[in-house]
Amino acid sequence: MASWSAAAKTLHLRPSDVCAFRNPAPSAFARAGRVSLLPATSRRSSKPFASLSGKEAVHTEKAPAALGPYSQAIKANNLLFVSGVLGLVPETGKFLSDNVEDQTEQVLKNMGEILKAGGANYSSVVKTTILLADLKDFKKVNEIYAKYFSSPAPARATYQVAALPMDAKIEVECIAAL
């Protein structure tokens with residue numbers, strides 16, 4: 001009980017809130033294996049996207065078509081979610097070359113076209129995720145990336161992955177504010 005009491009004081013919780021944590025009412029979050037830090041009386045809905053104000057697919061012929069059952073981007077709640085983009089030339093569906101520099105330039109050009117089709121631009125981007133076939137390419141990618149995103153640069157995560165579609169060297173996804 002001492003640890004609960006200390007935690008409650010640190011988080012400025014009422015005793016009734018602590019009871020809700022210790023004996024939470026079953027909810028969709030709990031059944032799904034997620035933990036909510038809100039007391040049971042403060043939970044909004046068990047449907048996290050119940051308040052989405054419409055969802056609209058974005059598509060442009062100026063960027064490569066999706067390689068599977070997904071959209072190039074989705075607009076929802078004043079955000080634009082751009083799917084992972086490869087460095088394919090839209091007209092041919094092939095890579096310009098096998099080097100990471102050329103693919104990075106093409107990825108970011110393709111992303112720019114998708115952003116434009118969705119009513120955004122590079123300065124609207126708030127988060128990017130970069131997937132690299134080889135993390136040794138990090139410096140080369142940063143040099144090109146910096147030409148497209150000015151200060152303040154978007155939040156970002158970069159990962160090396162085992163493989164990318166079509167043996168790409170790089171894939172980038174982003175979220176932009178509208």
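Any value given below was found using the heavy atoms of this structure, including those in side chains, with hydrogens, waters and symmetry copies removed. All residue numbers refer to positions in the sequence shown, counting from 1.
The distance from atom CD1 of Ile144 to atom CD of Glu101, rounded to the nearest 0.5 Å, is 5.5 Å. Separating the CG atom in Leu115 from the SG atom in Cys174 is a distance of 4.5 Å, to the nearest 0.5 Å.
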Show me the donor-acceptor pairs, under 3.5 Å and distance only, between side chains in residues 129-139 and residues at least two apart or in other chains.
{"from": "Thr129", "atom 1": "OG1", "to": "Lys127", "atom 2": "NZ", "distance (Å)": "3.3"}
{"from": "Asp134", "atom 1": "OD1", "to": "Lys136", "atom 2": "N", "distance (Å)": "2.9"}

Mind listing the side-chain donor-acceptor pairs of residues 102-112 below 3.5 Å, one per line with the distance, residues two or more places apart or on another chain?
{"from": "Asp102", "atom 1": "OD2", "to": "Ser97", "atom 2": "OG", "distance (Å)": "2.6"}
{"from": "Asp102", "atom 1": "OD2", "to": "Asn99", "atom 2": "ND2", "distance (Å)": "3.2"}
{"from": "Gln103", "atom 1": "OE1", "to": "Lys169", "atom 2": "N", "distance (Å)": "2.8"}
{"from": "Gln103", "atom 1": "NE2", "to": "Ser97", "atom 2": "O", "distance (Å)": "3.2"}
{"from": "Thr104", "atom 1": "OG1", "to": "Val100", "atom 2": "O", "distance (Å)": "2.7"}
{"from": "Glu105", "atom 1": "OE1", "to": "Tyr148", "atom 2": "OH", "distance (Å)": "2.6"}
{"from": "Glu105", "atom 1": "OE2", "to": "Lys147", "atom 2": "NZ", "distance (Å)": "2.7"}
{"from": "Gln106", "atom 1": "NE2", "to": "Asn110", "atom 2": "OD1", "distance (Å)": "2.9"}
{"from": "Asn110", "atom 1": "ND2", "to": "Leu86", "atom 2": "O", "distance (Å)": "3.0"}
{"from": "Asn110", "atom 1": "ND2", "to": "Leu88", "atom 2": "O", "distance (Å)": "2.9"}
{"from": "Asn110", "atom 1": "ND2", "to": "Gln106", "atom 2": "O", "distance (Å)": "3.3"}

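Partners of Ala65 according to the side chain to side chain contact (heavy atoms under 4.5 Å, CB included) rule, which considers only residues two or more places apart in sequence or in another chain, do not exist here. Qualifying side chain to side chain donor-acceptor pair (under 3.5 Å) partners for Ser124, counting only residues two or more places apart in sequence or in other chains: Asn121. Remark: Thr60 pairs with no residue by the side chain to side chain donor-acceptor pair (under 3.5 Å) rule, at least two apart or across chains. Scored by the side chain to side chain donor-acceptor pair (under 3.5 Å) test, Tyr122 finds no partners at all (sequence neighbours excluded). With sequence neighbours left out, the salt bridge (charged side-chain N to carboxylate O under 4.0 Å, His left out) criterion links Lys62 to no other residue. Partners of Glu113 by salt bridge (charged side-chain N to carboxylate O under 4.0 Å, His left out), not counting sequence neighbours, listed by chain and number: Lys116.
Considering all non-hydrogen atoms of both residues, Val82 and Glu173 come closest at O-CB, 3.4 Å. Contact detail for Leu178 and Gly118: the closest heavy-atom pair is CD2-O, 3.5 Å. Closest heavy-atom contact between Val126 and Ala177: CG1-CB, 4.2 Å.
Judged as a ring pair (Phe, Tyr, Trp, His ring centres under 6.0 Å), not a single pair has a partner in residues 58-96 (not counting sequence neighbours). Applying the ring pair (Phe, Tyr, Trp, His ring centres under 6.0 Å) test to every pair with at least one member in residues 154-178, sequence neighbours left out, gives no pairs at all. Among residues at least two apart or in separate chains, there is no salt bridge (charged side-chain N to carboxylate O under 4.0 Å, His left out) pair with a member in residues 66-76.
At distances below 3.5 Å, at least one donor-acceptor pair connects side-chain atoms of Gln72 with backbone N or O atoms of Pro64.
When hydrophobic side chains of Ile, Leu, Val, Met, Phe, Trp and Tyr are connected at separations under 4.5 Å, Leu96 ends up clustered with Val89.
A cation-pi contact links Arg156 to Tyr145, judged by a cut-off of 6.0 Å to the six-membered ring centre and 45° from its axis.
Val58 and Ile175 are not part of a single hydrophobic cluster, where members link through side-chain heavy atoms under 4.5 Å apart.
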